[in-house]
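One-based numbering along the sequence shown. Remember, it's 1-based here, ligands and their atoms both numbered in the order they're listed.
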Amino acid sequence: MPAYRFPKIAASEITPQSVFLRRREFLAGAAAAGLIGASASPSLAALAAKPSAYKVSDKLTPKEDATTYNNFYEFGVNKGDPADYSDKFKPRPWTIKIDGLVAKPLEIDVDQLIAKMSVEERVYRFRCVEAWSMVLPWSGFMLADLLKMAEPLASAKYVAFQTALRPDEMPGVGGFTPILDWPYKEGLRLDEAMHPLTLMAVGIYGDLLPNQNGAPIRLVVPWKYGFKSIKSIERITLVEAQPPTAWNTAAPDEYGFYSNVNPKVDHPRWSQATERPIGEGGGFFNSPKKDTLMFNGYADEVASLYAGMDLKANY
Ligand code: MTE
């Protein structure tokens, strides 16, 4: 299993400072000398992300599991497909667009965006509706900071997200039986999107995101089931009405718009009361079960967003 850096401490603290500073000098020097492209150096800055207060103490999922046990249907429906079939996908150069009900629509190269933002390293719980879970060290910045750059109008009530659609690079797209209504779409209410826990992730385990994990930029909403965390985002649109989402469109009885982790509301095919942490004993069925927490353990931070709402009806 490849070694990985346990991300509890900032890179600047675990690396001798002289080495850390030399690395930064090297990057700056290399960029100035044209050794690495103008768009390559800012993204490398994600590797030196600042530590964050948002960390859980649970044991990290081994990197090997987190990068080979994935859902990314554009590359196939089996858990190993995204790692096996995403090598043709080109996440750079990449432009992300923010439009809709905003005063300042934005279209920006992802590496220029990363260079502008305050990138943090955060360890989050991640729970899939299929009753497996992981604990992952993301590098990213708050979606709120990005949305503020575009200045949402008062009429904006929801945020719609869209994944790139590239049949030539995504072997799971096309064919006779399309699985989802491509491109993959997701949505959040504006207050959910502006919540400080809501992260735009650009890295994982101290490195840039691998293709199978949603390179170059994806959403991470730790109190919602994993499918809300849309990958390889190319467009974010502020809208007035609740936007369609990929899984809600495909199977509305199974996947609601809210999809908050809730041990008391079962999915028709999977109990949500317990989960199996991937990597604790190899594979899904060998992992010991543990209780799922309300809002995936983030109730103190997010329960107030849903005050007065019937969470059975709004599943
Ligand atoms: N985003 C896109 N574009 N396509 C997908 O199929 N799958 C979702 C979500 N984001 C998916 C996606 C589901 S079902 C889950 S559980 C998570 O990504 C998985 O993220 P991970 O593979 O990084 O663990």
Next item on the list: Determine whether the side chain, the backbone, both or neither of Tyr184 has a heavy atom under 4.0 Å from any heavy atom of ligand 1.
Entry: side chain
Item checked: Numbering as shown, the atoms of ligand 1 that approach Thr163 to under 4.0 Å (heavy-atom distance) -> 3 (N)
Check: Atom CG in Asp109, atom CH2 in Trp94: separation rounded to 0.5 Å?
Finding: 11.5 Å
Check: Centres of the His267 and Tyr315 rings: under 6.0 Å?
Finding: no
Check: Centres of the Phe295 and Tyr298 rings: under 6.0 Å?
Finding: no
Item checked: Heavy-atom nearest neighbour in the protein, as seen from atom 21 (P) of ligand 1, with distance rounded to 0.1 Å -> Lys231 NZ, 3.4 Å
Next item on the list: Could you tell me the residue and atom name of the protein heavy atom closest to atom 6 (O) of ligand 1, and the distance to it rounded to 0.1 Å?
Entry: Tyr73 N, 2.7 Å
Next item on the list: Taking only Lys NZ, Arg NE, NH1 and NH2, and the carboxylate oxygens of Asp or Glu, determine whether Arg92 and Asp111 approach each other closer than 4.0 Å.
Entry: yes
Check: Can you get from Ile179 to Tyr85 by hopping between Ile, Leu, Val, Met, Phe, Trp and Tyr side chains that sit under 4.5 Å apart?
Finding: no
Item checked: Any N/O pair Asn71/ligand 1 closer than 3.5 Å -> yes
Next item on the list: Work out whether the distance between some heavy atom of Arg218 and some atom of ligand 1 is less than 4.0 Å.
Entry: yes
Item checked: ligand 1-proximal atoms of Met134, by part, heavy-atom distance under 4.0 Å -> neither
Checklist line | Side-chain ion pair, Lys90 and Glu169, N-O less than 4.0 Å | finding: yes
Margin query: List ligand 1 atoms under 4.0 Å from Phe126, heavy atoms only on the residue side.
Written below: 17 (C), 19 (C), 20 (O), 24 (O)
Note to self: My understanding is that only one of Asp65, Thr68, Asn71 makes a side chain to side chain donor-acceptor pair (under 3.5 Å) with Lys79; could you say which?
What the structure shows: Asn71
Item checked: Closest protein heavy atom to atom 17 (C) of ligand 1, given as residue, atom name and distance to 0.1 Å -> Gly226 O, 3.4 Å
Margin query: When you measure from the side chain of Lys228 to the backbone of Trp223, do you find a donor-acceptor pair of N or O atoms at a distance under 3.5 Å?
Written below: no
Note to self: I'd like to check whether Trp138 has a polar contact with ligand 1, where a contact means an N/O of the residue lying under 3.5 Å from an N/O of the ligand.
What the structure shows: no
Checklist line | Atoms of ligand 1, numbered as shown, that sit under 4.0 Å from any heavy atom of Asn213 | finding: 23 (O)
Margin query: For atom 13 (C) of ligand 1, what is the closest protein heavy atom, and at what distance to 0.1 Å?
Written below: Phe227 CA, 3.4 Å
Next item on the list: Below 4.0 angstrom from a heavy atom of Glu74, which ligand 1 atoms are there? Numbered from 1 as shown, please.
Entry: 2 (C), 3 (N), 4 (N), 5 (C), 6 (O)
Check: Do any nitrogen or oxygen atoms of Trp247 lie less than 3.5 angstrom from nitrogen or oxygen atoms of ligand 1?
Finding: no
Next item on the list: Look at the aromatic rings of Tyr258 and Tyr306 and report parallel, tilted or perpendicular, splitting at 30° and 60°.
Entry: perpendicular
Margin query: Here's a test for you: under ring-ring contact (aromatic ring centres under 6.0 Å, His included), which of Phe227, Trp182, Tyr184, Trp247 qualifies with Tyr73?
Written below: Trp247
Notebook entry, point to check: Hey, is Ser229 one of the residues with a heavy atom under 4.0 angstrom from ligand 1?
Noted result: yes
